[in-house]
Amino acid sequence: MLQPKYFFLTLFIGLIFSCKNQESQQISKVETISKTEVTNEIHQEAFIPSPEFKSYWYSGKAEITSYKLEQARYGELRDGTAVLIYVTEDFLPEKQVKADNYNKSNTPVLKLNATKNFNTGIYPYAIMQSTFYPVANTQHALKVTCSVQEWCGQVYSQLNNRAQFEIESHSYFESEGDQDFNLDKTILENELWTQLRIDPTSLPTGTFEMIPSFEFIRLKHIDLKAYEAKAELNKGSYKITYPELNRTLTINFNSNFPYNITDWEETYKDGFGKTAEILTTKAIKLNSINSAYWSKNSNSDEVLRETLQLN
């Protein structure tokens, strides 16, 4: 039988090793979590902006490009316009909003505001999607939003990139209503339009899981989740196919910096019942300007809309 002093010494040593073991397990757990989070982001080295990139994207102006739009809706093609507005901003990753002031802890993003306007018979449609994508090109988009307005009502979706993708969704449809849920991180179709402008060679190719554009999800009333996708990158062209959704998207762009998007096509079955058929939405570039548009808000500035052929 152990003497009392040896008993307590043995107990003390056991406690030390027990604590060390727990600490080791905790460290191992933290390392495991970190590795899991990393696998949910994009595997590649951080993008280092070139002098050319900085001169173009950090000039204090946005790039605004207008497009002639043929939009599939309710089994018919509708004439309209689309606009892509790209601009760099400082983003607060915790608050998930644009920063009011510069700070070293801010995340530089390339933001895309993509708009569409077209009529369906008597009533108009207005669609806007916003994507905040880190210039470093090593993470998924930090935030994605989408709103659709027409005379029947409006719908809104928002994704926040935190530990998981946090989804908030609102709709006037009973079957969709208000939703709040999380998804595992995966590639977002919305982010590819900004990733392309930073470095098209970094675009994902092959077969993988991807969340389709929030616009498509809303217009087709399908679940907001990842679907199998196949993508191929050729010189000046990026094509995505969703076998389950019977949908393809092809984005054509200038293969030289700043990789301007010249046009795109999106093909899928549109309409309801007997009127449903395979249609192709098309957008063809009209014009492009670089402007600090937020300061161009007087009546005299409407001439810029004429330049973009939006009147």
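Keep in mind the model is a prediction, meaning the values are calculated, not measured.
Here the OG1-OH distance, from Thr186 to Tyr227, works out to 13.0 Å after rounding to the nearest 0.5 Å. For the atom pair CZ of Arg197 and CZ of Phe53, the computed distance is 9.5 Å after rounding to the nearest 0.5 Å. Considering CG of Asp178 and NE2 of His170, their distance stands at 5.5 Å, rounded to 0.5 Å. We find the OG-CG distance between Ser288 and Leu308 to be 7.5 Å, quoted to the nearest 0.5 Å. Between atom CD of residue Glu176 and atom CG of residue Asp223 there is a gap of 9.5 Å, rounded to the nearest 0.5 Å. The distance from the NZ atom of Lys54 to the CD1 atom of Ile48 is 9.5 Å, given to the nearest 0.5 Å.
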When you look at Ile240 and Met210, which way does the side chain to side chain contact (heavy atoms under 4.5 Å, CB included) test go after all the steps?
CA-CA 10 Å; Ile240 303 167; Met210 179 159 63; 3.5 Å; yes
Please test Gln195 against Ser202 for side chain to side chain donor-acceptor pair (under 3.5 Å), starting from the C-alpha separation and ending with a verdict.
CA-CA 7 Å; Gln195 186 177 354; Ser202 71; 3.1 Å; yes
Check against side chain to side chain donor-acceptor pair (under 3.5 Å), Thr131 and Gln129:
CA-CA 7 Å; Thr131 303; Gln129 300 184 93; over 6 Å; no
Should Glu89 and Phe91 be marked as a side chain to side chain contact (heavy atoms under 4.5 Å, CB included) after you check the CA-CA gap, both sets of side-chain angles, and the distance that decides it?
CA-CA 6 Å; Glu89 291 180 347; Phe91 191 81; 5.7 Å; no
Can you check side chain to side chain donor-acceptor pair (under 3.5 Å) on Gln154 and Tyr156, steps first, answer last?
CA-CA 7 Å; Gln154 58 185 317; Tyr156 179 80; over 6 Å; no
Given ring-ring contact (aromatic ring centres under 6.0 Å, His included), test Trp264 with Tyr67 step by step and report yes or no.
CA-CA 10 Å; Trp264 69 86; Tyr67 299 83; 4.8 Å; yes
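Among all heavy-atom pairs drawn from Gln96 and Lys143, the shortest one is O-NZ, 2.9 Å.
Formation of a donor-acceptor pair under 3.5 Å by the Thr88 side chain with backbone atoms of Trp57 is found in this model. With Asp270 contributing its side chain and Gly75 its backbone, the two residues share a donor-acceptor pair below 3.5 Å. Side-chain N or O atoms of Tyr238 include one that pairs as donor or acceptor with a backbone N or O of Pro204 at under 3.5 Å. Glu191 places a side-chain N or O within donor-acceptor distance of the main-chain N or O of Ala141, the cut-off being under 3.5 Å. The main-chain N or O of Leu310 is never found under 3.5 Å from a side-chain atom of Asn287 such that the two would form a donor-acceptor pair. Using a distance-only test at 3.5 Å, with no hydrogens or angles considered, a donor-acceptor pair links the side chain of Lys185 to the main chain of Arg162. Using modelled atom types, no side-chain atom of Gln309 and backbone atom of Glu306 make a donor-acceptor pair closer than 3.5 Å. Of the possible donor and acceptor atoms, none in the side chain of Lys296 sits under 3.5 Å from a partner among the backbone N and O of Asp301.
Side-chain contact between Tyr172 and Cys152 is present, with at least one heavy-atom pair separated by less than 4.5 Å. Taking the side chain as every heavy atom from C-beta outward, Ser59 and Asn290 never approach each other to under 4.5 Å. Side-chain contact between Leu159 and Leu183: absent, with no pair of heavy atoms (C-beta onward) separated by less than 4.5 Å. A 4.5 Å side-chain heavy-atom check between Asn260 and Glu63 finds at least one atom pair inside the cut-off. Side chains of Tyr293 and Leu304 form no contact here, defined as non-hydrogen atoms less than 4.5 Å apart. Taking the side chain as every heavy atom from C-beta outward, Tyr268 and Lys220 approach each other to under 4.5 Å. At a threshold of 4.5 Å between non-hydrogen side-chain atoms, the residues Leu249 and Pro212 do not count as touching.
Ring-centre distance between Tyr259 and Phe257: below the 6.0 Å cut-off.
Between Glu150 and Arg73, none of the side-chain N atoms (NZ, or NE/NH1/NH2) sits under 4.0 Å from a carboxylate O, so this pair counts as no salt bridge. At a threshold of 4.0 Å, the pair Arg78-Glu76 counts as salt-bridged, since one of the basic side-chain nitrogens sits closer than that to a carboxylate oxygen.
Ring pair Phe272/Tyr74 is tilted by interplanar angle, where 30° to 60° counts as tilted. Relative orientation of the His140 and Phe165 rings is perpendicular, given thresholds of 30° and 60° on the angle between their planes.
Surrounding NZ of Lys111 are more than 12 heavy atoms belonging to other residues, nucleotides or ligands, all under 6.0 Å away. In Lys98, the NZ atom is not crowded: 12 or fewer heavy atoms of neighbouring residues, nucleotides or ligands sit closer than 6.0 Å.
No side-chain N or O of Ser213 forms a donor-acceptor pair with one of Asn190 less than 3.5 Å apart. Counted by atom type alone, Glu189 and Tyr242 present one or more donor-acceptor pairs between their side chains at under 3.5 Å. Between Asp263 and Asn252, the side chains place a donor N or O and an acceptor N or O closer than 3.5 Å (distance only, hydrogens not considered).
The cluster map of Ile, Leu, Val, Met, Phe, Trp and Tyr, joined by side-chain heavy atoms under 4.5 Å apart, puts Leu92 and Tyr102 in different clusters.
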